[in-house]
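One is the number of the first residue; the rest follow in order along the sequence.
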Amino acid sequence: MRDLKELLGLLESRDAAERLRAAEELGDYPTFEAVSGLVSRLASDECRAVQEACLVSLCRIGTAEVGEEAARLLRSSNAYVRNAAAEILQELGDKAEHVVRALLCDPDPDVRLLAVRVVGEGHFSGALPLLREVVLRDPDVNVVGSAVEYLGELGGSSQDREAICQARSRFSSPYLDFAVETALSKMGVN
């Protein structure tokens, strides 16, 4: 087994095969240096196999620190990198809840939209209260519509239905009207 310093050096190699092996082996090192190196390589590498190895290793490390570092990638201009970051946060679930809560309050609606997707598709025991909070408080109709869609899929309580109905009264939007009708239909409300 190679040591951390050697693997971090290989992660910067010009040879994609060496970077790939280093990224795979770094998944055995739950340290800040390994996490930081993997996140940086995920964001910058031009080889998809290396990026995917970074993603897998970050999920394998699976600490709250991974969530904090991965959250930075949600602002990337690269769609693959943004989606990889979302996937990592989804896999972390409750370990990343404090990060996701902060992302749901981000000033950028695109980041909040990704955070709603993370909550809706991730492993969060508190997903429903988080989604209801977005539905009741977020100022962006697209963010609210996405949260309504996930609440329709995951929810079903009277609190969920009331939050969805209140969303409709906050906005005048055909998209949100459709999202609300679809969500209520999935909950068995006609």
[X] side-chain N/O to [Y] backbone N/O, donor-acceptor pair under 3.5 Å:
X     : Y     : result
Ser57 : Ala23 : yes
Asn83 : Tyr80 : no
Arg41 : Leu11 : yes
Lys95 : Gly62 : yes

task = Output, in order, the C-alpha distance, side-chain angles, deciding distance and verdict of side chain to side chain contact (heavy atoms under 4.5 Å, CB included) for Arg170 and Val135.
result = CA-CA 10 Å; Arg170 293 178 51 218; Val135 167; 5.6 Å; no
Straight-line distance of [X] [atom1] to [Y] [atom2], nearest 0.5 Å:
X      : Y      : atom1 : atom2 : result
Leu73  : Asn78  : CG    : CG    : 9.5 Å
Arg19  : Glu12  : CZ    : CD    : 9.0 Å
Glu97  : Leu130 : CD    : CG    : 5.5 Å
Met187 : Ser158 : CE    : OG    : 10.0 Å
Ser13  : Arg21  : OG    : CZ    : 9.0 Å
Arg2   : Leu8   : CZ    : CG    : 11.5 Å

Do [X] and [Y] share a hydrophobic cluster (ILVMFWY, side-chain heavy atoms under 4.5 Å, transitive)?
X      : Y      : result
Phe178 : Val189 : no
Val50  : Val39  : no
Val134 : Val100 : yes

Do [X] and [Y] touch side chain to side chain, with heavy atoms closer than 4.5 Å?
X      : Y      : value
Glu25  : Glu6   : no
Glu162 : Arg132 : no
Asp28  : Arg60  : yes
Leu89  : Leu114 : no
Arg117 : Gln90  : yes
Thr182 : Glu149 : no
Val81  : Gln51  : yes

Between [X] and [Y], which heavy-atom pair has the shortest distance, and what is it?
X      : Y      : value
Gly27  : Ile61  : O-CG1, 3.5 Å
Gly126 : Asp94  : N-OD1, 4.3 Å
Ala179 : Val148 : O-CG1, 3.6 Å
Thr31  : Glu65  : C-OE1, 4.0 Å
Leu154 : Gly120 : CD1-O, 3.6 Å
Leu20  : Ala53  : CD1-CB, 3.5 Å

task = For a side-chain contact (heavy atoms from CB on, under 4.5 Å) with Leu58, tell me which candidate from Thr63, Leu92, Val35 qualifies.
result =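 Exactly one option meets the side-chain contact (heavy atoms from CB on, under 4.5 Å) with Leu58, and it is Val35.
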Reference residue Val144; test side-chain contact (heavy atoms from CB on, under 4.5 Å); the match among Leu176, Val116, Ile164 =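 So, applying the side-chain contact (heavy atoms from CB on, under 4.5 Å) to Val144 and each of Leu176, Val116, Ile164, only Leu176 qualifies.
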query = Stepwise, does the side chain to side chain contact (heavy atoms under 4.5 Å, CB included) test hold for Leu136 with Gln166?
reply = CA-CA 7 Å; Leu136 293 171; Gln166 286 182 28; 3.1 Å; yes
query = When you check the gap from the basic side-chain N to the acidic O, do Arg168 and Glu181 get nearer than 4.0 Å?
reply =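 Salt bridge between Arg168 and Glu181, a charged N being under 4.0 Å from a carboxylate O: yes.
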task = Assess whether side chain to side chain contact (heavy atoms under 4.5 Å, CB included) is satisfied between Val56 and Glu24, documenting all intermediate values.
result = CA-CA 8 Å; Val56 170; Glu24 290 171 344; over 6 Å; no
inquiry  = Which residue in the set Asn142, Asp106, Asp140, Asp138 passes side chain to side chain donor-acceptor pair (under 3.5 Å) when paired with Arg112?
reply    =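 Passing option: Asp138.
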message = Let's go through Val119 and Tyr150 carefully: what are the C-alpha distance in whole Å and the side-chain angles of both, what is the deciding distance for side chain to side chain contact (heavy atoms under 4.5 Å, CB included) to 0.1 Å, and is it a yes or a no?
response = CA-CA 9 Å; Val119 172; Tyr150 284 115; over 6 Å; no
key: Set of residues satisfying side chain to side chain contact (heavy atoms under 4.5 Å, CB included) with respect to Asp110, sequence neighbours excluded   =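 In terms of side chain to side chain contact (heavy atoms under 4.5 Å, CB included), with neighbours along the sequence ignored, Asp110 is linked to Asp108.
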